[in-house]
Amino acid sequence: MRFYVTTPIYYVNDKPHLGHAYTTIAADILARHHRQRGEETFFLTGVDEHATKVWRVAESQGLGAQEYVDQISDAWRSLPPRLNAETDFFIRTSDEGHKAFVREFLQRIYDNGDVYEDVYAGLYCVGCEAFKTEDELVDGKCPLHSTEPEWIEEKNYFFRLSAYQDKLLELYAERPDFVQPPFRFNEVKSFVSGGLRDFSISRAGQPWGIPLPWDEGQVAYVWADALVNYLSALTFARPGEDLREAFWPEVRHLMAQDILRFHCIYWPAMLLSAGYSVPKQIFIHGYLLLDDLKISKSLGNAVDPLELIDTYGADALRFWCARAVSFGQDGSASVSGIADRYERELGNDLGNLLSRTTAMIARYRDGAIPGGPAAGSELEGLIADVHTNVLRDLDGFDITGAVDRIWTLVRHLNRYVTEQAPWTLAKDESKAAELDQVLYDLADGLRVSAIALWAYLPETAPKILEALGQPVAFDWELVEYGRLEPTTSVAAAPPLFPRFEVSAA
RNA sequence: GGCGGCGUAGCUCAGCUGGUUAGAGCGUCGGACUCAUAACCCGAAGGUCGGUGGUUCGAGCCCACCCGCCGCUACCA
């Protein structure tokens with residue numbers, strides 16, 4: 001089995017905000033999970049650096065476009081590591097390997113007869129980087145930027161998307177899970193059923209971009225450039241290797257709904273034209289609605305994920321992203337929710353569980369875990385549920401449901417402590433075997449929780465295993481009751497998620 | 001306008017192909033415990049499941065209509 005997951009390539013002229021972090025975190029959770037299963041996994045993210053605005057901003061600062069994007073790409077490149085996202089490659093559209101591949105890719109489409117030349121004309125707002133129709137304007141100006149759009153009329157090359165309507169509909173019919181969740185797929189199908197218009201794949205008179213192989217005077221325009229990254233990266237991410245053989249078309253694209261159409265319609269059509277297989281799956285996640293408002297730069301409610309990491313840590317942010325909103329749907333979330341999750345769930349449920357468990361093992365058994373697995377325990381059943389059903393959840397991109405399932409185990413363990421009352425057992429020598437059993441089950445349940453949560457909490461999970469004197473390994477087959485390694489060195493663990501001082505809260 | 005979705009406890013949401021007293025988390029109130037990061041555990045209060053009318057032995061779940069939100073309805077990264 002192989003697993004290839006992508007985020008969109010982010011537009012360098014943005015600042016990284018929570019929405020970007022959200023997609024990247026989700027992709028990393030999936031990637032880590034599939035690595036746990038022993039699958040060969042590839043996780044790609046990166047930046048889109050070619051755009052008119054980039055060039056204009058660079059010029060206004062007296063910089064060359066390449067020089068400019070070299071500077072601002074760093075902010076983006078550092079985002080995944082800050083999130084603890086383990087990417088396999090970070091692509092930039094100005095990478096030579098990408099540029100060469102795009103030219104070859106577009107040439108194939110061209111050779112296939114799907115490209116023609118036509119005149120593109122319209123009112124163009126530079127701020128929006130979009131053409132506007134008359135009825136979108138207010139007093140002849142762009143309502144967002146209050147500037148008059150420019151009338152642009154130029155020769156462009158067009159991709160014959162209209163010729164792919166039937167092929168796309170066939171594809172959708174053959175692949176009922178091609179686009180997830182289903183209601184997004186419906187949007188795609190109804191859109192395509194309504195007929196497709198060709199779209200332009202080039203811009204004239206632009207010095208910044210990838211020149212078309214058959215007309216060096218024009219550069220590839222957005223989708224003809226950006227989308228191709230998912231394929232191009234495989235050709236040069238590892239020098240000397242062509243990863244296409246392994247990972248294409250085993251790809252899952254993750255993104256928000258704003259770019260759904262381009263991924264579900266344009267991209268498959270271009271791939272078919274160029275003679276490639278289409279992606280395995282496309283998953284559209286929802287927006288985190290902060291105070292019921294979509295996160296957006298223009299609304300001014302953008303949240304800097306790095307500030308949240310500075311306060312709560314990457315694990316808490318990842319956990320919150322996975323838990324706060326059912327993945328795939330829009331949902332209201334509030335930044336204060338991170339503080340709640342941190343304290344209630346990570347601190348009180350999970351962190352405190354480790355504290356009390358290790359403290360009791362140290363106190364009652366001098367750091368040793370003398371018990372062993374007991375057949376037919378309730379714990380065994382819960383762990384079996386996690387073992388099999390988390391896989392199923394995550395195969396369906398349900399990162400929220402999966403972590404909820406794991407949390408059921410964590411909650412069970414806390415309840416188990418109270419029910420068994422080890423402090424009472426400890427007072428009665430004749431109950432020593434019982435106490436051993438309880439401590440064993442707690443330690444083993446915690447061990448399993450840590451392994452299952454590793455994809456979500458890559459920083460915390462190793463700490464739990466270390467505190468329990470367990471090898472730091474996360475293979476999914478270890479999510480099984482009774483695989484606790486004997487140990488004699490458990491000491492009371494320091495808090496995993498310390499409370500904040502009142503003044504800091 | 002067309003297509004799709006949503007409206008369930010104070011809040012955020014689960015409720016599979018219709019079937020005994022409608023669930024979870026948080027919040028509130030009460031209790032219990034002491035291993036632990038004053039954490040954890042138990043219990044209670046709290047819902048005419050948007051409205052109306054149908055189908056059915058029986059509907060939160062099916063149908064019709066209505067009300068209120070939201071998404072998509074083309075070239076924006």
Side-chain angles (χ1 to χ4, degrees), chain A residues 8-14 20 47-54 93 120 122 125 127-133 144 156 158-159 161 181-201 221-226 257-262 265-266 286-287 289 292 294 297 323-326 329-334 337 340-341 343-364 400-401 404 407-408 411 413-426 438-439 442 492-500:
Chain A
I9 48 173
Y10 303 122
Y11 183 49
V12 286
N13 255 23
D14 273 341
H20 303 111
V47 284
D48 179 10
E49 303 178 306
H50 293 141
T52 311
K53 197 178 346 189
V54 171
T93 52
Y120 197 96
C125 171
C128 298
E129 297 187 38
F131 282 91
K132 298 285 172 181
T133 58
L144 281 177
N156 284 167
F158 282 73
F159 175 69
L161 183 66
F183 77 97
R184 293 295 178 199
F185 204 2
N186 287 340
E187 288 180 9
V188 171
K189 288 174 187 165
S190 69
F191 184 88
V192 174
S193 299
L196 293 172
R197 228 177 282 160
D198 300 339
F199 65 95
S200 68
I201 56 166
Y221 178 60
V222 233
W223 305 113
D225 174 350
Q257 51 150 300
D258 54 340
I259 49 178
L260 156 151
R261 187 186 312 137
F262 311 111
I265 300 171
Y266 289 24
Y287 291 126
L289 304 169
D292 290 331
K294 173 187 157 186
K297 192 173 57 175
R323 287 221 96 186
V325 168
S326 187
Q329 295 182 312
D330 287 352
S332 36
S334 68
D340 286 338
R341 300 275 175 192
E343 186 179 315
R344 301 285 167 197
E345 299 187 318
L346 293 175
N348 296 353
D349 288 348
L350 182 64
N352 185 47
L353 177 62
L354 179 72
S355 295
R356 65 201 308 209
T357 299
T358 53
M360 287 190 288
I361 293 169
R363 184 159 159 179
Y364 300 140
T400 308
D404 194 51
W407 219 251
T408 301
R411 288 205 164 97
L413 292 169
N414 274 316
R415 195 178 315 121
Y416 184 71
V417 175
T418 313
E419 285 169 355
Q420 300 300 319
W423 47 92
T424 305
L425 298 175
V438 171
L439 296 179
L442 286 174
L496 290 176
F497 299 94
R499 288 198 154 226
F500 293 105

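Side chains are part of it too, since the values below use all heavy atoms of this structure and drop only hydrogens, waters and symmetry mates. Reminder, nothing fancy here: chain letters follow the sequence lines and each chain counts from 1.
For the pair A:Asp258 CG and B:C76 C1', the interatomic distance rounds to 9 Å; values are reported in whole Å. Between the CZ atom of A:Phe185 and the P atom of B:G4 there is a distance of 16 Å, rounded to whole Å. For A:Tyr287 and B:G71, the OH to P distance is 10 Å, given to the nearest whole Å. A straight line from CH2 of A:Trp223 to P of B:C75 spans 12 Å, rounded to a whole angstrom.
You can call A:Trp423 stacked on the base of B:C35; the centres are under 5.5 Å apart and the planes sit within 30°.
Side-chain proximity of A:Thr418 to B:C76, B:C41, B:G71: nearest is B:C41. Residue A:Leu196 has its side chain nearest to B:A74 when only B:G71, B:A74, B:C76 are considered. Side-chain proximity of A:Phe199 to B:A36, B:C75, B:C40: nearest is B:C75. With B:U37, B:C75, B:C35 as the choices, the nucleotide that has an atom nearest any side-chain atom of A:Tyr266 turns out to be B:C75. Closest approach to the A:Met360 side chain among B:C35, B:A74, B:C40 is made by B:C35 (side chain taken as heavy atoms from C-beta onward). The A:Ser355 side chain lies nearest to B:A36 when the options are B:A77, B:A74, B:A36.
Judged by distance alone, with hydrogens and angles left aside, the side-chain atoms of A:Thr358 form a donor-acceptor pair with the main-chain N or O of A:Ala493 at under 3.5 Å.
Contact of A:Asp48 with B:A77 (side chain to base): no donor-acceptor pair of N or O atoms is detected under 3.5 Å.
When Watson-Crick and G-U wobble pairs are counted only if both distances are under 3.5 Å, B:C6 pairs with B:G68.
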Can you give the donor-acceptor pairs under 3.5 Å from side chains of residues 347-355 of chain A to other protein atoms, not counting sequence neighbours?
residue  : atom : partner  : partner atom : Å
A:Asp349 : OD2  : A:Trp407 : NE1          : 3.1
A:Ser355 : OG   : A:Gly351 : O            : 3.3

5' to 3', nucleotides 22-29 of chain B under a 4.0 Å protein heavy-atom cut-off (B base, S sugar-phosphate only, - none) gives ---S-S--
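For A:Arg415, the side-chain contact (heavy atoms from CB on, under 4.5 Å) criterion is met by A:Arg411, A:His412, A:Glu419, not counting sequence neighbours.
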